[in-house]
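Position 1 is the first residue of the sequence, and the numbers go up from there.
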Amino acid sequence: MTRLTAPRRLLTPLVTAATLLTLAAPAQAISLLDRGPIADFLTVFRQQGVPRRTIGWNSPYKPGTVVISTSQRRLYYILPNQEAVQYGVGVGREGFSWSGTKTVTMKKEWPAWRPPEQMIKRRPDLPRYMAGGNDNPLGARALYLGSSLYRIHGSNEPETIGAAVSSGCIRMTNRDVIDLYDRVKVGTKVVVLP
């Protein structure tokens, strides 16, 4: 038995997925590529944002806390031993940024999106509902923050990471939000700094 080289090991799941898609009905094939495990896998290759990295972090926050620096446009997931995972994020544009402490109250994979009334008043052209998937502005995952309208979520616009562009939500690449989603639990403390 021969060992697969690294490129072949990466291509094998894609070939398998392509084979399965040819056997599926067209509507099912689109659905498989739009959300779920295959979409999660493919998003790793589609989006390159600000590189995620582990850094030294000496802070008063306990491990497991999420700290967001609006001015730096970075999110930090606090690890033990004075370290943190640092992610690039998009933040609220002028007039929509905020700070404070929230709690993750719910987590969803490939969430549906219903724009809040305030957003619809500003942008009446927006759809009233959008099913989860690659075209959805919430991306691959969403972490809901308390009873607020704010979320930490993926994005179908990875080029906005590192910018102040949202209506107050914290945007991440789908790749990074999947990583954070797997680390964070409901009840996690989220501290948003100016």
Side-chain angles (χ1 to χ4, degrees), residues 37 39-41 43-113 115-116 118-119 132 134 136-194:
D40 287 351
F41 176 76
T43 197
V44 170
F45 299 101
R46 281 191 200 125
Q47 299 181 11
Q48 300 299 317
V50 176
R52 173 182 3 145
R53 61 193 182 123
T54 301
I55 62 168
W57 179 273
N58 186 9
S59 79
Y61 304 108
K62 295 179 182 178
T65 303
V66 172
V67 178
I68 299 163
S69 172
T70 303
S71 62
Q72 294 176 359
R73 298 177 185 156
R74 297 293 185 268
L75 181 150
Y76 302 91
Y77 178 77
I78 309 305
L79 299 170
N81 303 319
Q82 297 185 340
E83 290 185 320
V85 180
Q86 179 189 60
Y87 305 87
V89 295
V91 297
R93 63 186 180 272
E94 189 173 332
F96 290 90
S97 64
W98 59 281
S99 60
T101 301
K102 299 287 182 192
T103 301
V104 173
T105 52
M106 183 170 46
K107 297 170 41 171
K108 289 196 176 183
E109 296 184 12
W110 296 101
W113 181 55
Q118 300 90 323
M119 189 178 286
N134 280 318
N136 185 306
L138 295 183
R141 305 286 186 274
L143 305 170
Y144 295 77
L145 302 178
S147 60
S148 74
L149 298 175
Y150 303 122
R151 300 168 191 87
I152 299 169
H153 62 79
S155 177
N156 60 3
E157 299 175 318
E159 68 278 2
T160 64
I161 304 309
V165 293
S166 78
S167 293
C169 286
I170 307 302
R171 295 181 181 184
M172 303 177 77
T173 63
N174 281 333
R175 179 182 183 180
D176 283 348
V177 81
I178 290 170
D179 182 80
L180 182 67
Y181 183 95
D182 291 341
R183 296 174 188 270
V184 168
K185 297 177 180 8
V186 169
T188 294
K189 181 179 179 179
V190 177
V191 179
V192 180
L193 304 172

Which distance, rounded to the nearest 0.5 Å, do you find between the OH of Tyr181 and the NZ of Lys107?
5.0 Å
I want to check something: taking the side chain as every heavy atom from C-beta on, are Val184 and Tyr77 in contact at a cut-off of under 4.5 Å?
yes
Here the gap from Asn134 atom CG to Asn156 atom CG, rounded to the nearest 0.5 Å, amounts to 8.5 Å
When you look at Thr160 and Ser155, which way does the side-chain contact (heavy atoms from CB on, under 4.5 Å) test go after all the steps?
CA-CA 8 Å; Thr160 64; Ser155 177; 4.1 Å; yes
If you compare all heavy atoms of Ser97 against all heavy atoms of Gly92, which two are closest, and at what distance to 0.1 Å?
CB-O, 3.8 Å
Just jot down the side-chain contact (heavy atoms from CB on, under 4.5 Å) partners of Arg74, sequence neighbours excluded, or say none.
Val50, Gln72, Tyr76, Gln86
For residues Ala112 and Leu138, report the shortest heavy-atom separation together with the two atoms involved.
O-CD1, 3.5 Å
Taking every non-hydrogen atom, the tightest pair across Arg73 and Gly162
CD-O, 3.0 Å
Which pair of heavy atoms, one from Arg93 and one from Ser167, lies closest together, and at what distance?
NH1-OG, 3.6 Å
Between Gly154 and Asn174 the two heavy atoms that sit nearest each other are CA-OD1, 3.4 Å
Considering only residues two or more places apart or on different chains, which pairs with a residue in residues 177-188 satisfy salt bridge (Lys or Arg N to Asp or Glu O under 4.0 Å)?
Arg52-Asp179, Asp179-Arg183
If I take atom CE from residue Met106 and atom CG from residue Leu145, how far apart are they, to the nearest 0.5 angstrom?
10.5 Å
Between Asn81 (side chain) and Glu83 (backbone), is there a donor-acceptor pair under 3.5 Å?
no
Closest approach of Leu149 to Cys169 (non-hydrogen atoms, all atoms of both residues):
O-SG, 4.0 Å
Just how far is it from atom OH of Tyr87 to atom CD1 of Ile68, taken to the nearest 0.5 Å?
11.5 Å
Distance-only, no hydrogens or angles: does the Trp98 side chain make a donor-acceptor pair with backbone N or O of Gly168 under 3.5 Å?
yes
Just by modelled atom types, is the Asp176 backbone N or O under 3.5 Å from a matching donor or acceptor in the Thr173 side chain?
yes
Partner set under side-chain contact (heavy atoms from CB on, under 4.5 Å) for Ser99, not counting sequence neighbours:
Pro194
Between Thr70 (side chain only) and Leu193 (backbone N and O only), is there a donor and an acceptor less than 3.5 Å apart?
yes
Answer yes or no: is there a side-chain heavy-atom contact under 4.5 Å between Val91 and Ile170?
yes
Are there over 12 heavy-atom neighbours, none belonging to Lys189, within less than 6.0 Å of that residue's NZ?
no
Roughly how far, to the nearest 0.5 Å, is NE2 of His153 from CE of Met172?
11.0 Å
Audit row: Asn136, Trp110, side-chain contact (heavy atoms from CB on, under 4.5 Å) steps and yes/no
CA-CA 8 Å; Asn136 185 306; Trp110 296 101; over 6 Å; no
Spacing of CD belonging to Glu157 relative to OG belonging to Ser166, to within rounding of 0.5 Å:
10.5 Å
